[in-house]
There are 2 protein chains.
Amino acid sequence: MGDSDKHIIETLISIFTIDKGKVKTLLIRKKDEPYKGYWILPGGILAGNETIETNISNNVFEKCGIYNLYIEQDHIFSDLHRNPEKRVIACSFIGLIDSISIKIKKEERPHIESAWFSLNAIPKMGYDHEQVIEHAIDTLRKKIVNTNILKSLFPSDFTLPELQSVYESILNRPLDRRNFRKKFINLGLIEDTGYKNEGYNGRPAKLYRFKENIKERDLF
Amino acid sequence: MGDSDKHIIETLISIFTIDKGKVKTLLIRKKDEPYKGYWILPGGILAGNETIETNISNNVFEKCGIYNLYIEQDHIFSDLHRNPEKRVIACSFIGLIDSISIKIKKEERPHIESAWFSLNAIPKMGYDHEQVIEHAIDTLRKKIVNTNILKSLFPSDFTLPELQSVYESILNRPLDRRNFRKKFINLGLIEDTGYKNEGYNGRPAKLYRFKENIKERDLF
DNA sequence: GCAAAAGTGTTTTCAATACACCCATGG
DNA sequence: CCATGGGTGTATTGAAAACACTTTTGC
């Protein structure tokens, strides 16, 4: 086996969270050439002594300060020239985290510029990362229709209008409020916490949480 | 970057087809140690000048004589010790082919022993390939509920009882004949060819084909 | 008391399910 | 004419969809 049969593998991750009822994704500004100044997905080079999953977990913690992230494989990108400098094969992941668990202490990572972008305002990105994140969004869209994967996106307290808004932004279409409530409450996945979301305009919304120990199941 | 940051990547594929109304998968007998005599999934080592998709297509043609295979990525297996000799990262695929298109000319490949196995009779396999094929079957099961992915499994002429039998064996539960017909015909994915499947016991079944240019869509 | 957002109930429509009998062919 | 498997219709149930008004809070 020649050296040409060994490959550089990088991991990439599209991390999604909910910020003020909107789905956002975490990007990093690249500091050096190529694509200096462009936004890219977080990730890293796979070393010999780690699985792709441990690599992703470690990278996300080191670069973004996020741990306990829910991750799932998405897709492999192996086009020969996706990296202009050398052949790199990308294993892309989807990550979901609730906003309460995010602690990006910028002062601890002065060398890394990162920001959250709304799905409809993703900037021009380096490499093929726009294609990678589009694939991740598409996978996420397919998944939320049939699974309760979004559980990982929500902290213990959320309102039904917030949940609906997230579904609407990922599915990219409006949903009827009454039917959405009926469906979700009847599914038995969530429960009323007894608290309310006070201090905002209008009538306060009830706060819900996902029940523990609910196995992934079909929704729609 | 040290040499430990470069990796051997292998592709593996679980190829499914329909043989006499049953779903079967193609395995290869390993001829050398380790796992000599065990059955394994077809696949190969990724070279520097190919994508994982071209590698799979080429391997499936060279080792199994199958071309024009529908392929889809399934999962990456990167456990450190999944191969007892060295670190190898596996990119696993799902392949679907209709039985008419299969031409495994054994006389042309005397050095390769291959066989089709029913899903409920998969033998003991080498490496972690049982885990890999289980993952592929599970992915296939999830997909046939919501997509018309099975189009790739059927030649131009098939009967509704055959189609139903395939759904039953992948979903692993019985389906009502009348309701299955109603649903599938109403979906508009298939059309009557006008021919019948004569020469068997009982009333001949109508032959159907998948319509051309139907995009993948939700079924159930 | 008004603006803003949350919460609720009914009707209609359609798909899913359950179920039993007749039909076409081969032998 | 009988054995074998294919084809069909209807009634019921339940979920999805469409739709407008009332309630609770902050200011």
Side-chain angles (χ1 to χ4, degrees), chain A residues 18-22 141-142 144-148 154 157-209 217-220, chain B residues 18-22 141-142 144-148 154 157-209 217-220:
Chain A
I18 311 295
D19 181 29
K20 301 185 190 70
K22 297 288 173 193
R141 183 173 296 126
K142 286 175 180 156
I144 67 163
V145 175
N146 288 308
T147 69
N148 62 353
F154 285 91
D157 289 354
F158 60 88
T159 70
L160 277 176
E162 281 168 358
L163 188 63
Q164 181 180 343
S165 158
V166 170
Y167 270 87
E168 287 176 331
S169 76
I170 297 179
L171 294 177
N172 206 25
R173 63 186 166 91
L175 300 171
D176 182 88
R177 197 163 75 245
R178 291 157 290 191
N179 295 333
F180 183 85
R181 301 174 71 82
K182 211 181 311 176
K183 176 158 196 164
F184 234 94
I185 290 172
N186 287 341
L187 279 167
L189 297 175
I190 60 176
E191 59 191 0
D192 195 336
T193 63
Y195 296 98
K196 288 185 176 181
N197 192 28
E198 299 179 319
Y200 296 90
N201 267 2
R203 175 173 175 173
K206 289 183 188 170
L207 290 169
Y208 291 85
R209 63 176 158 245
R217 49 166 290 188
D218 287 354
L219 294 192
F220 291 81
Chain B
I18 312 295
D19 181 28
K20 302 186 190 68
K22 297 289 172 192
R141 183 173 295 126
K142 286 175 181 156
I144 68 164
V145 176
N146 288 308
T147 69
N148 63 352
F154 285 92
D157 289 353
F158 59 87
T159 70
L160 277 175
E162 281 168 357
L163 188 62
Q164 181 180 342
S165 158
V166 170
Y167 270 87
E168 288 177 330
S169 76
I170 297 178
L171 294 177
N172 205 25
R173 64 186 166 93
L175 300 171
D176 182 88
R177 196 163 77 244
R178 291 157 291 192
N179 295 333
F180 183 85
R181 301 175 69 84
K182 210 182 311 176
K183 176 157 195 165
F184 234 95
I185 290 172
N186 287 341
L187 279 167
L189 296 175
I190 61 176
E191 59 191 1
D192 194 335
T193 62
Y195 296 98
K196 290 185 175 180
N197 192 28
E198 300 180 317
Y200 298 90
N201 268 2
R203 176 173 173 175
K206 289 183 190 172
L207 291 169
Y208 291 85
R209 62 175 157 244
R217 49 166 292 188
D218 288 354
L219 294 194
F220 292 80

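Just so we're clear, the structure is a prediction, and the values are computed from it rather than from any experiment.
Each of Y167(B), F158(B), F154(B), Y208(B) was scored for a ring pair (Phe, Tyr, Trp, His ring centres under 6.0 Å) with F184(B), with one residue passing: Y167(B).
Atom-to-atom distance recorded for I185(B):CD1 and L160(B):CG is 5.0 Å, nearest 0.5 angstrom.
R141(B) and I170(B) get closest at one heavy-atom pair: NE-O, 2.7 Å. The heavy-atom pair separating D176(A) from Q164(A) by the smallest distance is C-NE2, 4.0 Å.
Side-chain atoms of T193(A) come within 3.5 Å of backbone N or O of L207(A) as a donor-acceptor pair. With T147(B) contributing its side chain and I144(B) its backbone, the two residues share no donor-acceptor pair below 3.5 Å. Remark: side-chain polar atoms of E168(B) are paired, donor with acceptor, to backbone N or O of L175(B) under 3.5 angstrom.
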Tabulate atom names and distances for all N/O pairs under 3.5 angstrom spanning the protein and nucleotides 9-11 of chain C.
from    : atom 1 : to      : atom 2 : distance (Å)
dT10(C) : O4     : K182(A) : NZ     : 2.9

Strictly under 4.0 angstrom, non-hydrogen atoms only: write out the protein contact profile of nucleotides 21-27 of chain C, one letter per nucleotide from the 5' end, B, S or -. --BBBS-

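If you take CZ of F184(A) and P of dA15(D), they are 16 Å apart, rounded to a whole angstrom. Between the CG atom of N186(B) and the P atom of dT8(D) there is a distance of 12 Å, rounded to whole Å. Between F180(A) atom CZ and dA17(D) atom P the separation is 13 Å, expressed in whole Å. Rounded to whole Å, atom C1' of dT17(C) lies 17 Å from atom CZ of R181(B). A straight line from CD of Q164(A) to P of dA17(D) spans 13 Å, rounded to a whole angstrom. L175(B) places its CG atom 14 Å from the C1' atom of dA18(C), with the value rounded to the nearest Å. Taking atom CD1 of residue I185(A) and atom P of nucleotide dA6(C), one finds them 14 Å apart after rounding to whole Å. Going from atom CD of E162(B) over to atom C1' of dG7(D) covers 15 Å, rounded to whole Å.
Under the salt bridge (Lys or Arg N to Asp or Glu O under 4.0 Å) criterion, the residue pairs touching residues 184-204 of chain A are E191(A)-R209(A), with sequence neighbours excluded.
For dA16(C), the OP1/OP2 oxygens have a side-chain nitrogen or oxygen of K183(B) closer than 4.0 Å.
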Could you walk me through whether K206(B) and T159(B) pass the side chain to side chain contact (heavy atoms under 4.5 Å, CB included) check? CA-CA 6 Å; K206(B) 289 183 190 172; T159(B) 70; over 6 Å; no

